[in-house]
Amino acid sequence: MTVYPLTGVIRPYAWGSRTAIADLQGRPPADGPEAELWLGAHPGDPSTVPAGDGTVELTKLIADDPRGQLGGPVAETFGARLPYLMKVLAADAPLSLQAHPDAAYAREAFARQEADPDAPKNYTDAHHKPEMLVALTPFEALCGFRSPAATAEVIAAFGLARLGPVVTALRAGDLSEAVRLLLSWPTDDRKALIDDVVAAAARVPADHPEADSFRLALTLAGHYPGDPGVLVALLLNLVRLAPGEAIWMPAGNLHAYLRGLGVELMAASDNVLRGGLTPKRVDVDELLRVLRFEVLDDPLLHGADLEPGVTAWRVPVPDFELYRIVLAENRPPVRLPGSGPRIILGAVGDVHIGEDHGTPVTVHPGTAAYAPAAAGPLTAAGTGTIFLAAVPA
């Protein structure tokens, strides 16, 4: 067998939906939240493939034969590890504000942390964690900084004198100082501050030009009362994705997912620095070192149509690229793009993934297949939509 059915692991984070992944897979709602379906070889929750009368973790399959599984170039670049992790992400409540280090900083920071037993444990590995997401349903997210001049007026509109230094920093274009002020807000005034923000936001007319920002403040404060991340979130772009639209979160990009179902692809790392909207620790100084305080005018990641029904999202990192293949009824089998180790996720219909020899593997919505480099070129047949993760050639 060279193309394998791939069984992922569902993570039950509290912000996850009970219904979204279940609906995708055509089963009843779950008893608890289902936040992320992990598809890959991340050591925290590796996927499995059939082996004999049982299964084997993808991590072991790769460790036993790195060149056959990954291909020579990928194994030489990344070692005996799959460099990406694919997820189906189902947010029913806002996630934390977060950012991720670049590759060089991750290596340096992890090495410093490991050398000092008393250092804060901000990093779990030596890798970067750029991410992209393609919406499967209408999806809301925060991604990258808005113009500080625009957000200064939003913060000023609350009419709270103690936010004056934040407004001043924003009007001067100093995003770093504005974020520092908010995340370092005195602990004993945080609840009162956010209560005042909520009261002010509730008084804003529905036709206000920034009504979306005030509604966002009310929503986030409902989930995270007393959290200054409610105000930090207003400095970011509020993005509403239609199904098939994508966003890109490179290193240093402050972002948060709010609601919806999407296909996420990222470098295989757990390095997360949080910036609010969380009960977990926020290391403000370390976050400020990692963030890129740049205005992001267009948060969308635009795909390229390679041929009818085939869209590619290529990003400026060597770890991954993502394709969407739409197979219309009666379309002949399609030669799939990508090489090396590939993961194929079903999104719509039943699609048969095969190679020049061997038995095809059928992926249904919410199920997946894995093809090692040794499988060679793949074809897809049937009617439906699939997503394919690969390592750039």
Side-chain angles (χ1 to χ4, degrees), residues 2-6 24 39-40 70-71 73-74 82-88 130-139 241-248 250 261-266 298-393:
T2 49
V3 178
Y4 300 85
L6 186 71
L24 180 68
L39 299 167
L70 304 176
V74 175
L82 185 66
Y84 62 79
L85 175 64
M86 191 182 214
K87 298 180 182 179
V88 179
E131 304 169 339
M132 62 164 293
L133 179 139
V134 179
L136 292 177
T137 66
F139 196 99
L241 301 176
E245 291 186 318
I247 51 174
W248 161 237
L261 181 71
V263 177
E264 190 180 32
L265 188 58
M266 64 185 65
D298 183 9
L300 295 187
L301 174 64
H302 300 281
D305 293 330
L306 305 185
E307 60 178 276
V310 180
T311 301
W313 289 276
R314 292 177 172 139
V315 292
V317 295
D319 310 66
F320 59 83
E321 58 189 4
L322 184 66
Y323 300 89
R324 182 187 61 204
I325 299 93
V326 179
L327 297 164
E329 192 173 1
N330 299 321
R331 182 174 182 176
V334 173
R335 178 59 62 92
L336 295 178
S339 59
R342 288 146 289 174
I343 291 177
I344 303 96
L345 169 70
V348 177
D350 301 323
V351 178
H352 315 291
I353 309 300
E355 58 206 300
D356 292 336
H357 57 280
T359 304
V361 171
T362 300
V363 293
H364 314 287
T367 69
Y370 165 71
L378 301 176
T379 59
T383 303
T385 300
I386 57 174
F387 288 86
L388 185 149
V391 180

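Nothing fancy with the numbering, it's 1 onward along the sequence.
- To the nearest 0.5 Å, atom CD of residue Glu321 and atom CE of residue Met132 are 10.5 Å apart.
- Taking CG from Leu345 and CG from Leu24, the interatomic distance works out to 7.0 Å, rounded to the nearest 0.5 Å.
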Using residues 379-393 as the side-chain source, report each donor-acceptor pair under 3.5 Å to any protein atom, sequence neighbours left out, with the distance given to one decimal.
none

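- Closest of all the heavy-atom pairs between Ala371 and Val3 is CB-CG2, 4.2 Å.
- The two atoms that bring Leu261 and Phe139 nearest to each other are N-CD1, 3.4 Å, heavy atoms only.
- Nearest approach of Gly349 to Pro365, heavy atoms of both residues: O-CD, 3.2 Å.
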- [ ] Begin with the C-alpha distance, continue with both residues' side-chain angles, and end with the deciding distance and a verdict on side chain to side chain contact (heavy atoms under 4.5 Å, CB included) for Leu85 and Lys87.
- [x] CA-CA 7 Å; Leu85 175 64; Lys87 298 180 182 179; 3.5 Å; yes
- [ ] Starting from the C-alpha separation in whole Å, work towards a yes-or-no answer on side chain to side chain contact (heavy atoms under 4.5 Å, CB included) for Met86 and Leu322.
- [x] CA-CA 10 Å; Met86 191 182 214; Leu322 184 66; 3.9 Å; yes
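- Taking each heavy atom of Ala246 and Val134 in turn, the nearest pair found is CB-CG2, 3.8 Å.
- Here the straight-line distance linking atom CH2 of Trp248 with atom CD of Glu131 works out to 9.0 Å at 0.5 Å rounding.
- Between Pro337 and Val310, the closest side-chain pair of non-hydrogen atoms falls below 4.5 Å.
- Minimum heavy-atom separation, Tyr84 to Pro341: OH-O, 2.9 Å.
- Around CD of Glu329, the count of heavy atoms belonging to other residues, nucleotides or ligands within 6.0 Å does not exceed 12.
- Residue pairs that meet the side chain to side chain donor-acceptor pair (under 3.5 Å) test with at least one member in residues 362-377, sequence neighbours left out, are Gln69-Tyr370, Asp350-His364, His352-Thr362.
- Nearest approach of Pro299 to Ile247, heavy atoms of both residues: O-CG2, 3.5 Å.
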TODO: Check the pair Ile325, Val351 against side chain to side chain contact (heavy atoms under 4.5 Å, CB included), reporting the backbone distance first and the verdict last.
DONE: CA-CA 10 Å; Ile325 299 93; Val351 178; over 6 Å; no
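- Distance check: Leu241 CG to Leu300 CG gives 6.5 Å after rounding to the nearest 0.5 Å.
- Within the structure, side chain to side chain donor-acceptor pair (under 3.5 Å) contacts touching residues 334-346 (residues at least two apart or in different chains) do not occur.
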TODO: Give the C-alpha distance, both sets of side-chain angles, the deciding distance and a yes or no for side chain to side chain contact (heavy atoms under 4.5 Å, CB included) between Ile344 and Leu378.
DONE: CA-CA 11 Å; Ile344 303 96; Leu378 301 176; 4.1 Å; yes
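- Atoms CZ and CH2, from Arg324 and Trp313 in turn, are 4.0 Å apart once rounded to the nearest 0.5 Å.
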